[in-house]
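Counting starts at 1 for both ligands and their atoms, following the listed order.
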Amino acid sequence: MKEIILIKDGELALKGLNRCNFENKLVNSIKRRLKSLGEIKIVKAQSTIYIEPQCDDFDFEEALERVRCIFGIAGFSRACVCEKTPEDIFAKAPLYLADSLRKAKTFKVESKRSDKTFPLKSPELSAQLGGVLLSAFPHLRVDVHNPDIIVTAEVRDYAAYIRGNQEKGAGGLPVGTSGKANVLISGGIDSPVAAYMMAKRGLSLNAIHFASPPYTSALAEEKVKTLLSKVARYSGTIKLAVVPFTEIQEEIRDKCPEDYFTLIMRRMMMRIACRVSKENECLGLITGESLGQVASQTLPAIGATDSVCDLPVMRPLIGMDKEEIIKISRAMDAFETSILPYEDCCTVFTPKHPHTRPKPGQCEKAEEYLDIEPLISRAIEGIVYSYIE
Ligand code: ATP
Ligand code: MG
């Protein structure tokens, strides 16, 4: 039996031009993700996208695995293609859905018909197909309120389709519909989750990582790349900038008051991230900060880092508990990598008593002996770019 993948798109609240942009970007995402599996034909109609493989050995399981990670999809399922006749639908449905109907105790049939020349109206098609399935699987009962399986028959322009239950999609907006932003990525738990969450709201991603060799190791950098590859399964390719940060950290250690080390380091990160973002057409920054989690994530500390940024800073985890963050980290398969024990530059030269409530002007004062501009320029000149798939 010929099969296709049937995709329902999400965010139905979108209207007009936004909706059109949404659909086009979603189709592009699907094409990009499935390209390496062989030729496919994609048809759009009534908030549904039909993916028709054009080769016989199409790997459906792998395709579904990839579809699970595409933002903008509300639900999806495999479906069987039938001729547009009641006879063919009645013949194929019990065969195609045999496994799941055998396991189910209750079912109901739903029909949709956009081709009004089809001889049965939707309620008649549902009733007759229900009868066919009941006689093929006599253990089944009809339950219209809470069935184990909903069998759907769709009669469309070119063909009819039969499917069982839909699987829930990744939700959100297709990547690229909201533009591009730059995620400050460490090797920790939080920033990959923050990146994932903003990709889900339609951002495509660049990433920036600050490395301080020899205080941080090559393994720490590898870990960041592995984490980004987990994010890239959802966001698509990520352009990564690795910034050499050793000189800046040593200068801060030598020239600034110890209790300001972390705040000043974070301000330097933000300044560099803003510049690099503009050079790469990124419209904002993303961080994994969560209010009150560590000394540098109090509101005054966040204010002190924000004040050196001239781009919007998105902090999707700001109101979340660690438990909630870890749940997402596990779901995106990043957690096991995140807890590998490599040093991040944030843990180099950490003050014994970090300042947590800087007043306006105090950070500027604490930075007065730093040669900020030349330090930033040298760090940016030393950036190494790579692409993470
Ligand atoms: P994470 O789990 O993401 O490491 P965290 O709870 O450890 O976060 P911090 O170390 O204070 O918190 O870092 C706060 C945020 O600053 C991170 O979420 C990340 O966005 C950014 N950041 C921290 N270290 C780096 C780094 N080496 N390179 C780039 N960004 C970083
Ligand atoms: Mg960290």
Side-chain angles (χ1 to χ4, degrees), residues 181-198 205-213 215-228 230-231 238 240-246 248-249 252 261-277 282 284-299 301-302 304-306 308-309 311 313-318 320-326 328-330 332 334-351 354-356 379-380 382-384 388:
N182 202 357
V183 57
L184 284 87
I185 188 95
S186 72
I189 297 169
D190 302 332
S191 41
V193 172
Y196 164 90
M197 287 175 71
M198 295 320 299
L205 299 177
N206 277 18
I208 181 163
H209 174 67
F210 296 88
S212 289
Y215 306 105
T216 60
S217 67
L219 285 173
E221 213 176 297
E222 272 318 300
K223 178 182 174 185
V224 163
K225 289 182 176 167
T226 307
L227 287 172
L228 283 176
K230 307 277 182 188
V231 178
I238 299 172
L240 167 67
V242 176
V243 183
F245 206 47
T246 315
I248 290 179
Q249 287 201 279
I252 295 173
F261 281 1
T262 310
L263 281 167
I264 295 175
M265 179 196 70
R266 299 200 56 76
R267 282 160 64 93
M268 293 301 281
M269 283 183 171
M270 296 306 243
R271 287 183 178 112
I272 294 172
C274 281
R275 299 257 182 113
V276 173
S277 297
C282 294
L285 303 181
I286 303 166
T287 77
E289 290 161 300
S290 165
L291 192 63
Q293 204 187 72
V294 290
S296 60
Q297 294 173 20
T298 64
L299 202 47
I302 288 175
T305 49
D306 255 3
V308 298
C309 290
L311 285 176
V313 183
M314 289 167 278
R315 299 180 169 91
L317 313 188
I318 199 71
M320 289 170 76
D321 294 345
K322 201 74 187 181
E323 287 294 299
E324 299 170 282
I325 298 169
I326 288 176
I328 302 176
S329 171
R330 284 189 197 280
M332 58 185 285
F335 187 71
E336 297 304 323
T337 309
S338 283
I339 59 177
L340 294 173
Y342 305 123
E343 292 285 290
D344 183 57
C345 70
C346 285
T347 53
V348 174
F349 313 138
T350 39
H355 210 306
T356 55
I380 291 180
I383 286 179
V384 177
I388 312 290

Sidechain-backbone polar pair: Asp344 side chain, Cys346 backbone, donor-acceptor under 3.5 Å: yes
Look only at the side chain of Ser191 and the backbone of Thr287, and say whether a donor-acceptor pair between them is shorter than 3.5 Å. no
Check each heavy atom of Cys346 against ligand 1 and say whether those closer than 4.0 Å belong to the side chain, the backbone, both or neither. side chain
Number the atoms of ligand 1 from 1 as they appear, then name those within less than 4.0 Å of a heavy atom of Gln293, with their elements. 6 (O)
Under 4.0 Å from a heavy atom of Gly188: give me the atoms of ligand 1 that qualify, with their elements. 1 (P), 2 (O), 4 (O)
In ligand 1, the atoms that come under 4.0 Å of a heavy atom of Gly288 are 17 (C), 18 (O), 20 (O)
Considering only heavy atoms of His209, which atoms of ligand 1 have at least one such atom less than 4.0 Å away? 26 (C), 27 (N), 28 (N), 29 (C)
Under 3.5 Å between some N or O of ligand 1 and some N or O of Phe210? yes
Who passes salt bridge (charged side-chain N to carboxylate O under 4.0 Å, His left out) against Glu336, sequence neighbours left out? Arg330
Using a plain distance cutoff, I'd like to know if Met269 has any nitrogen or oxygen under 3.5 Å from a nitrogen or oxygen of ligand 1. no
Apply side-chain contact (heavy atoms from CB on, under 4.5 Å) to Phe245 and Met269, showing your working. CA-CA 9 Å; Phe245 206 47; Met269 283 183 171; 3.7 Å; yes
Determine whether the side chain, the backbone, both or neither of Ile185 has a heavy atom under 4.0 Å from any heavy atom of ligand 1. backbone
Atom indices of ligand 1, in the order listed, that fall short of 4.0 Å to a heavy atom of Asp344: 23 (C), 24 (N), 25 (C), 26 (C), 27 (N)
For Thr287, counting its heavy atoms only, list the atoms of ligand 1 lying under 4.0 Å from any of them. 20 (O)
Main-chain N/O of Cys345 paired with Thr216 side-chain donor or acceptor, under 3.5 Å: no
Suppose we screen for side-chain hydrogen bond (donor to acceptor under 3.5 Å, both in side chains). Which residues come up paired with Gln249, at least two apart in sequence or across chains? Ser212
Report, in ascending order of atom number, the atoms of ligand 1 lying under 4.0 Å from any heavy atom of Ile189. 2 (O)
Relative to the heavy atoms of Ile208, which atoms of ligand 1 are at a distance of less than 4.0 Å? 29 (C)
When you compare the side chain of Phe210 with that of Ile248, does any pair of heavy atoms fall below 4.5 Å? no
Is the backbone N or O of Ala334 less than 3.5 Å from a side-chain atom of Lys230, with the two atoms forming a donor-acceptor pair by type? no
